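Below is one structure, written out as structure tokens; comments come after it.
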Protein chains: 2
Amino acid sequence: MSAQPLDSSEHRSGALLDHLARRMRLRSESVLAPLGLRPRHLVALTVLRAGGGTGQQALATILEMDSTNIVGLLNDLEAKQLIERRRSPEDRRRHVVELTEDGAKRLSEAECALASAEDEVLGALDPAERETLYKLLSRASTGTAVNCTEAICVADDTC
Amino acid sequence: MSAQPLDSSEHRSGALLDHLARRMRLRSESVLAPLGLRPRHLVALTVLRAGGGTGQQALATILEMDSTNIVGLLNDLEAKQLIERRRSPEDRRRHVVELTEDGAKRLSEAECALASAEDEVLGALDPAERETLYKLLSRASTGTAVNCTEAICVADDTC
DNA sequence: AGGGATCGTTCGTGAAGCACCAACTATTTA
DNA sequence: TAAATAGTTGGTGCTTCACGAACGATCCCT
């Protein structure tokens, strides 16, 4: 699928993506530590916010992680009461994972805390460009557009 | 520097960046293996192509890696004759690192080989959007625009 | 009711990436 | 000459991660 041949000018984003993600992650770690979160957790929470109510096998597919490793990740998050696992009524084998209120709040806090990190890494881009970047990344990461009705960053003082 | 306060709508790209980079990296590894390269090598080569002729300490700063680990990375690349270390005439302590012809060629090959991976990961974006993404990432990663006079993918059959 | 498949879970193992420290050489600079 | 800098080497330990094996619970099909 998607055998669309690109034009002659080949601009591969892979390495750049990797590079920027690394730089972002390095800064994120120190900022996120006081919140008890790690970059991976952030990714998971973000995905959950975007497409909540997924079983954790589906989550494993989205995050492209081994399902056994998903368990540990979710254990962390559940211990902190940022997510909830509920058994699906339709299929009681299934654990439906959802963000709790605390989780959404913590995610917003984390995003606020990351503002300075992002300013550093994306310093060369103006706000409009960052918004464009966000939209592109968002579309790419979910395959479908993520409706932006969340994350108003109501949280605390740091913002 | 860059204490520009963002507007009210908070869209943090960090997690998405991480997510996409991971997906890309997973696919890249298998594709790159036959070329004897790893994603990290690709990143280094890409940075070198963009801002060649840097000392390796500067490289460490750009890549935000420990300089001791840079050495190993460059050793790999030099052993494959993809880069050259030359002593700077001005400061003979310094090793100026530059892409060799082989290196540029190999990089192009690698980028071609990554086309399918990128198609998968960025499948939701059309070519114009990918180009936009590339430009944004490129600007962000170097701080300044990268002149796009390279990587015409002259290489081989796979492209 | 029985049998096979599926979801989540736990445990363990091994490889890889990476930060960090310490020591050394060659070279520049004060 | 002494101190600082660029690169190199070697080692140590932490963390992440993929992968395998086994298990209970549950669904689905016959």
Side-chain angles (χ1 to χ4, degrees), chain A residues 15 17-19 21-33 36-44 48 53-79 83-98, chain B residues 15 18-19 21-33 36-44 47-48 53-79 83-98:
Chain A
L17 218 46
D18 212 338
H19 183 201
R22 175 191 170 76
R23 294 179 57 187
M24 189 76 83
R25 202 169 342 107
L26 285 177
R27 285 162 177 74
S28 305
E29 270 162 6
S30 50
V31 175
L32 253 37
L37 292 175
R38 293 164 166 281
R40 336 194 95 281
H41 297 141
L42 243 289
V43 177
L48 280 175
T54 38
Q56 42 192 95
Q57 179 142 327
L59 208 56
T61 306
I62 295 174
L63 294 176
E64 304 207 44
M65 288 178 59
D66 196 280
S67 48
T68 64
N69 294 115
I70 291 278
V71 177
L73 189 59
L74 293 183
N75 284 349
D76 290 349
L77 294 174
E78 196 175 35
I83 60 155
E84 264 182 11
R85 290 194 246 219
R86 264 170 284 161
R87 300 219 88 109
S88 163
E90 303 120 12
D91 185 345
R92 301 201 60 263
R93 288 171 300 182
R94 201 165 257 156
H95 274 173
V96 173
V97 183
E98 268 182 87
Chain B
D18 212 339
H19 184 201
R22 175 191 169 76
R23 294 179 55 187
M24 189 76 81
R25 201 166 347 106
L26 284 176
R27 285 162 177 73
S28 304
E29 270 161 6
S30 49
V31 175
L32 253 36
L37 293 174
R38 294 168 164 279
R40 3 190 59 278
H41 297 141
L42 243 288
V43 176
V47 167
L48 280 175
T54 40
Q56 44 192 93
Q57 179 143 328
L59 208 57
T61 306
I62 296 173
L63 293 176
E64 303 206 45
M65 289 179 61
D66 196 280
S67 48
T68 64
N69 293 116
I70 292 277
V71 176
L73 188 60
L74 293 183
N75 285 347
D76 289 351
L77 295 175
E78 197 176 33
I83 61 157
E84 263 181 9
R85 289 193 247 218
R86 264 170 285 160
R87 301 216 88 108
S88 164
E90 303 120 11
D91 185 344
R92 300 200 62 261
R93 289 172 299 183
R94 200 166 258 154
H95 274 173
V96 173
V97 184
E98 269 182 86

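By convention in this document, chain letters (A, B, ...) are assigned in the order of the sequence lines, proteins followed by strands, and residues within each chain are numbered from 1. Please read these numbers as outputs of a predicted model, since none were measured by experiment.
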Quiz prompt | No-hydrogen, no-angle side-chain donor-acceptor test under 3.5 Å, A:H95 and A:R87 | solution = yes
Exercise. Just compare D:dA18, C:dT27, D:dT16 and give me whichever is closest to any side-chain atom of A:R38.
Key: D:dT16
Quiz item: Donor-acceptor pair under 3.5 Å: do we get one between B:R93's side chain and the base of D:dT5?
Solution: yes
Quiz item: Is atom CZ of A:R85 surrounded by more than 12 heavy atoms (other residues, nucleotides or ligands) closer than 6.0 Å?
Solution: yes
Quiz prompt | Whole-Å gap separating P (C:dG17) and CG (B:L63) | solution = 15 Å
Practice problem: Salt-bridge test for B:E64 and A:R25: reply yes if a basic N is under 4.0 Å from a carboxylate O, no otherwise. | Solution: no
Quiz prompt | Atom-to-atom span, CZ of B:R22 to P of D:dT16 - whole angstrom | solution = 12 Å
Exercise. Looking only at side-chain atoms of B:L26, point me to the closest of D:dT26, C:dG8, D:dA18.
Key: D:dA18
Practice problem: May I ask you to verify if any side-chain N or O of A:N75 is less than 4.0 angstrom from the OP1 or OP2 atom of C:dT10? | Solution: yes
Self-check item: Sugar-phosphate only, base, or nothing, as touched by A:G55 at under 4.0 Å among non-hydrogen atoms
Solution: sugar-phosphate
Quiz prompt | Pairwise distance CG(B:L37) to CD(B:E29) - rounded to 0.5 angstrom | solution = 12.0 Å
Practice problem: Starting at atom CG of B:N69, determine the distance to atom C1' of D:dT9, rounded to an integer number of angstrom. | Solution: 12 Å
Quiz item: Could one point to a donor on the side chain of A:T68 or the base of D:dC19 with an acceptor on the other under 3.5 Å away?
Solution: yes
Quiz item: Which whole-number value in Å describes the distance from A:Q56 CD to C:dT6 C1'?
Solution: 13 Å
Quiz prompt | A:H95 NE2 to D:dG24 C1', straight-line distance once rounded to whole Å | solution = 12 Å
Quiz item: Donor-acceptor pair, A:R23 side chain versus A:H19 backbone, under 3.5 Å?
Solution: no
Quiz prompt | Interatomic distance where CG belongs to B:L74 and C1' belongs to D:dT9 [whole Å] | solution = 14 Å
Quiz item: Within this structure, what is the CG-to-P distance between A:L73 and C:dG8, rounded to whole angstrom?
Solution: 14 Å
Self-check item: First of A:M65 and A:P89 reached from the 5' end of DNA chain D, by closest nucleotide
Solution: A:M65
Self-check item: Phosphate-side-chain proximity, B:R85 and D:dT8, N/O vs OP1/OP2 below 4.0 Å
Solution: yes
Exercise. Would you indicate, yes or no, if D:dT5 has its OP1 or OP2 atom less than 4.0 angstrom from a side-chain nitrogen or oxygen of B:Q57?
Key: no
Quiz item: What nucleotide among D:dT26, C:dT10, C:dT28 has an atom nearest to a side-chain atom of B:R92?
Solution: C:dT28
Quiz prompt | Separation of atom CD in B:E90 from atom P in C:dT28, rounded to whole Å | solution = 11 Å
